[in-house]
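What you see below is based on every heavy atom in this structure, not just the backbone, and it leaves out hydrogens, waters and symmetry mates. Note on naming: letters A, B, ... go to the chains in the order of the sequence lines (proteins, then strands), and numbering restarts at 1 for each one.
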Amino acid sequence: MAAKKSPSPSSAQPATGRLKDRDVRTTKKIMELAEEMVRRALGGQDPVIQIPTRAKSNTIWNKKRGILEMGNATAARPLFDLKTAKQFMQTMLHSNTINDLIAAGKTSSLRGVFYKAKHTVAGTRENTFDGQDESDPILEDLEVALGALREELHVFAENRGSMVGNITIVDRGDEINCRKMGSGGYALPSIVEPDIIQFKKCEAKFILHVEKGTVWNRFNEDRFWEKNNCILTHGAGQPPRGCRRLLQRMTQELKLPLICVLDCDPWGHYIYSVIKQGSISLAFESSRLAIPEAKFLGIRAKDFQACDLDDAVKIDLTENDIKRAGEIAAYPWFEHHKGWQREIGQLLKNGFKMEVESLITKDISYVTDTYVPERLKARDWID
Amino acid sequence: MTSAAKDVKRRGANAEEMGARQRDISVSEFFAKNRHLLGFDNPRKALLTTVKEAVDNSLDACEEGGILPELAIVIEDLQPDRAATVKSSRYRVTIVDNGPGIVRKQVENIFGRLLYGSKFHRLKMSRGQQGIGISAAGMYGLITTGRPMTIVTRPKANALAHCIELAMNTKTNRAEVITDVETQDFPPERLRGVTLGARALASEKGFLDAIEFPTGTSVSIELEGRYQRGRGSVDEFLELTAIANPHAKFVFVPPSRESATEEDDVPLVTQGAASAASSATTTTDTHGVIIFPRGVQDLPRETQEIQPHPKGIELGILLQMLKDYEATEKGSLFNFLQERFCRVSAVTAAAMCKKVGATTRTRAGDIDPPVAEKLFKEFETTKLAPPPTDCLAPIGVRQMLAGMLKGVRAEFYAASSRDAAVYRGRPFQIEAAIAFGGDLPCDESARVIRFANRVPLLFQQSACSSFKAIAETAWKNYGLQQPRGNVPVGPLVVMIHMASVWVPFTSESKEAIADYDEIRKEMKLALMECGRKLGTYLRKRLKMKRESDRRDVFERYIGEIAKALHQITGKNPKPIYDALLLQARAKTAVADVELDEDGRVRKPSADAVEEEDDDGVIIVEGAIPALSSTPAKQAAPVQFDEPVTKEPARAPKKAVAPAAPVAHAPPKKPAKRSVADTPSLF
């Protein structure tokens with residue numbers, strides 16, 4: 001593919017012309033990987049790809065930086081092993097797919113990449129990929145094996161999450177005024193790097209991140225961001241990389257504090273943990289994604305009494321929830337955190353969980369008019 | 001008259017009156033009333049039993065006469081026009097053998113009396129034992145049809161044959177001769193034209209040709225019977241007999257039509273009948289005539305008659321033997337012990353005499369019952385060598401394999417023959433064989449075929465010692481499924497043969513072997529030996545399958561990988577593919593060795609063990625399904641090769657391309673695209 005470096009004269013699309021430095025770097029890495037395999041094959045050596053391990057065992061808690069980092073352990077993925085043979089082939093296929101994408105200067109969705117590499121293995125009825133769930137992890141493997149970010153592989157995920165607020169941004173050259181986003185908000189793309197998105201004008205004083213779209217709708221309808229001069233985001237549950245990256249950039253570049261309003265259950269706590277410290281499977285990206293300053297405003301376990309809520313809002317903890325809560329409490333970053341130990345202890349003592357929507361039992365706009373402003377004023381949160 | 005007198009009268013006859021009615025019961029009468037004891041329970045079984053008894057006798061006679069047996073079995077339907085719903089019919093069963101024939105004066109005794117025979121009084125291995133069989137069949141025929149049996153026998157080649165019609169008098173247990181003529185007609189001319197197939201075969205000198213039958217006997221019995229194929233049928237009996245007697249040839253002319261089917265009459269619950277019939281392989285079927293050809297050319301070893309072993313007799317028998325000896329020999333106890341028993345040497349005999357307080361001169365007739373009892377106790381305690389085993393003629397491992405191979409279409413055959421052992425002072429020998437895989441049904445219980453002295457046992461399977469031995473054997477150890485306390489499930493045929501001078505049957509109809517611990521133990525040991533061979537084979541097969549699976553997986557993906565690497569690097573995929581393929585082949589070979597040592601019970605020396613066992617095992621390579629993956633495996637590289645080999649025209653182009661415009665890479669690009677355009681691999 002060395003040929004690809006020199007822009008081909010006739011089919012010179014603007015896209016190919018924009019073969020950037022980092023694309024050259026990525027192409028070179030793919031080429032190195034492939035050539036290594038060819039060399040091994042011809043030299044009679046085992047073809048093996050070394051892939052950094054994306055597992056809890058290879059995740060290190062960097063206390064100083066307050067984020068999860070990936071360790072140095074790698075796992076060999078040999079071709080000649082029944083367990084890894086197919087994955088080896090898939091890794092090779094995706095290397096080729098990515099290589100083609102970069103050469104063409106196009107980006108593709110995860111699903112697109114899956115389809116591009118999916119076909120039946122010659123001479124059999126077996127598919128190279130049985131489903132996207134087989135394809136996505138291979139791409140993550142390639143990210144870590146090549147040391148390239150997903151966007152550097154020209155792959156993106158679906159848009160997920162929304163944003164409104166007192167900020168104007170530029171997205172691929174288009175100016176977007178987040179104050180005028182109607183009821184839908186600005187859909188958070190999967191790639192939000194500075195070369196795509198720049199912040200232009202921001203009056204907001206903080207970011208309020210809520211768990212899901214329904215709650216976000218409540219806040220947007222009540223013009224909460226206007227009244228409180230903030231940016232309002234949600235990540236449709238566990239926030240995807242694009243959402244987390246954008247939040248991180250805003251907290252770092254615009255120096256905005258991040259306040260989270262999540263459900264009072266182990267899942268809400270976990271989402272907070274991921275936003276704050278990073279996740280195990282994406283530990284290699286933590287330095288780009290984690291926001292150690294994020295704060296957890298609610299819903300708090302004490303709120304059932306503090307807000308004098310109705311019994312109807314209680315949802316019993318399942319056995320799985322209790323197990324999960326125990327695990328979260330044992331995370332190294334929560335283990336010695338008195339606030340979190342108290343919070344999780346209180347949750348377990350309550351024996352029930354509460355969703356953000358439970359505050360509606362007080363009043364439809366209780367959460368936007370009273371709950372969040374009061375807590376903000378009192379600086380009543382855990383961090 | 002008082003009521004008391006009435007009572008007396010009502011109570012019945014007095015002793016005298018009763019005495020007048022008490023008289024001998026002839027054995028014939030007894031069995032005529034109890035014919036189920038002899039295997040004539042129902043018309044279908046009666047037909048089978050008749051064939052079986054005649055075939056047994058013929059084979060015994062041939063072997064004793066040192067002749068390789070050739071038998072013709074003809075069943076004629078005498079009511080071919082009967083309504084379809086009539087369940088039984090009248091048949092004429094004729095069995096012709098090429099044996100030594102029967103001398104004229106013995107014909108009545110052999111065929112016309114129950115409990116008359118040469119085999120009962122001696123300890124010698126033979127099919128018949130009691131002297132009941134063929135006479136009972138004749139008797140059954142006479143009872144059901146009123147027709148006498150016809151015997152044609154020629155004891156001397158080139159002499160005239162005797163043709164005799166016999167009817168048995170059940171009262172006297174004697175035969176009445178109806179006709180007795182001398183004839184030239186042997187083997188009977190009539191039979192050669194009995195059906196179309198028989199006629200065709202006879203014209204090629206393949207059926208009852210006079211040259212093959214210089215001497216011999218033909219027996220015809222008319223009887224009420226029912227002909228129906230399947231389990232417990234004449235067909236199955238002959239098929240199994242052929243397996244156990246590979247030295248004999250059988251030609252079977254079945255009747256033109258089967259009787260109306262009636263399920264409830266079929267003795268075995270399993271209606272795997274089709275498998276029984278279809279599994280016959282090398283047997284040929286021409287115009288309905290079924291031929292079971294000869295598999296081996298040597299007769300079974302001639303067996304020796306032996307004296308009873310002291311440990312095998314009972315006190316009453318000992319007393320009778322002493323009496324007989326006094327009557328015939330008037331000899332000493334010392335001599336009696338040595339002459340009338342096996343394994344009693346002079347030293348042992350002397351020691352025994354001394355123990356019971358007799359001298360070596362004491363006459364056998366002077367031994368009183370108390371002394372005899374003492375002597376009997378001596379028998380129990382004295383150490384004696386087990387009885388000699390040259391009285392047994394096992395089928396033999398090679399012959400069993402030949403028989404199984406001939407009769408069962410499988411992929412793996414193993415056989416084992418135990419050394420002779422003893423039950424109740426009688427020597428016996430157990431042999432077992434198994435056939436596995438191939439066309440045998442996978443989800444049914446294993447088929448058990450049992451033989452005693454080469455005679456197939458078709459009924460009362462679960463009452464038989466062999467069945468218990470099979471059920472008690474842990475087949476799971478050999479890679480088969482086995483429901484608790486039952487025979488294993490799988491594509492398996494288990495054959496068990498017991499050879500003995502006296503096979504302990506559970507009844508006179510000789511359907512099941514009695515369950516002696518010694519017998520069952522030997523059976524289990526023989527089965528275990530076969531099982532071990534099967535286990536070894538199955539493990540090996542599994543390993544081969546696993547190996548070919550692994551290889552398959554690798555080779556499947558190598559094509560894709562070579563292609564991807566080619567597209568990224570622009571390097572020629574063919575050498576990459578070849579190099580990877582080479583590695584894959586080497587890898588799977590190495591992996592097998594590891595698998596072997598991987599902690600499975602298999603030792604690296606397993607191959608050596610197998611070679612040792614090789615003589616007891618036959619593997620039919622073509623039938624192994626595990627290898628069916630081979631073509632697929634081979635197909636992949638062939639397909640892969642095609643685009644490469646098909647483009648010799650393009651190959652030079654490829655070679656030239658980089659050479660001409662050295663400066664720029666673009667020529668590579670079209671090359672790549674053109675390859676990608678071809679719909680196949682590159």
Quiz item: Parallel, tilted or perpendicular for A/H94 and A/F129, by the 30°/60° rule?
Solution: parallel

Quiz item: Which bit of A/D46 is near chain B, if near means a heavy-atom gap under 4.5 Å: side chain, backbone, both or neither?
Solution: both

Self-check item: Pairing of A/K106 and A/D100 as salt bridge, 4.0 angstrom limit
Solution: no

Quiz prompt | Best-contacting candidate, A/L79, A/T97, A/T91, against chain B by heavy atom pairs under 4.5 angstrom | solution = A/L79

Quiz item: Considering only heavy atoms, which portion of A/T128 lies under 4.5 Å from any heavy atom of chain B: side chain, backbone, both, or neither?
Solution: side chain

Quiz item: Taking 4.0 angstrom as the limit, do A/E193 and A/R249 come out as a salt bridge?
Solution: no

Exercise. Check B/F436, B/Y478, B/F412 against B/Y537 for a ring pair (Phe, Tyr, Trp, His ring centres under 6.0 Å) and give me the one that passes.
Key: B/F412

Quiz item: Does any heavy atom of chain B fall under 4.5 Å from the side chain of A/T84, the backbone, both, or neither of them?
Solution: neither

Self-check item: chain B contact via A/E126 - which portion, at a heavy-atom distance below 4.5 Å
Solution: side chain

Self-check item: Gap between atom CG of A/L142 and atom CG of A/L33 - 0.5 Å precision
Solution: 7.5 Å

Practice problem: Select one option (side chain, backbone, both, neither) describing which atoms of B/Y557 are under 4.5 Å from chain A's heavy atoms. | Solution: both

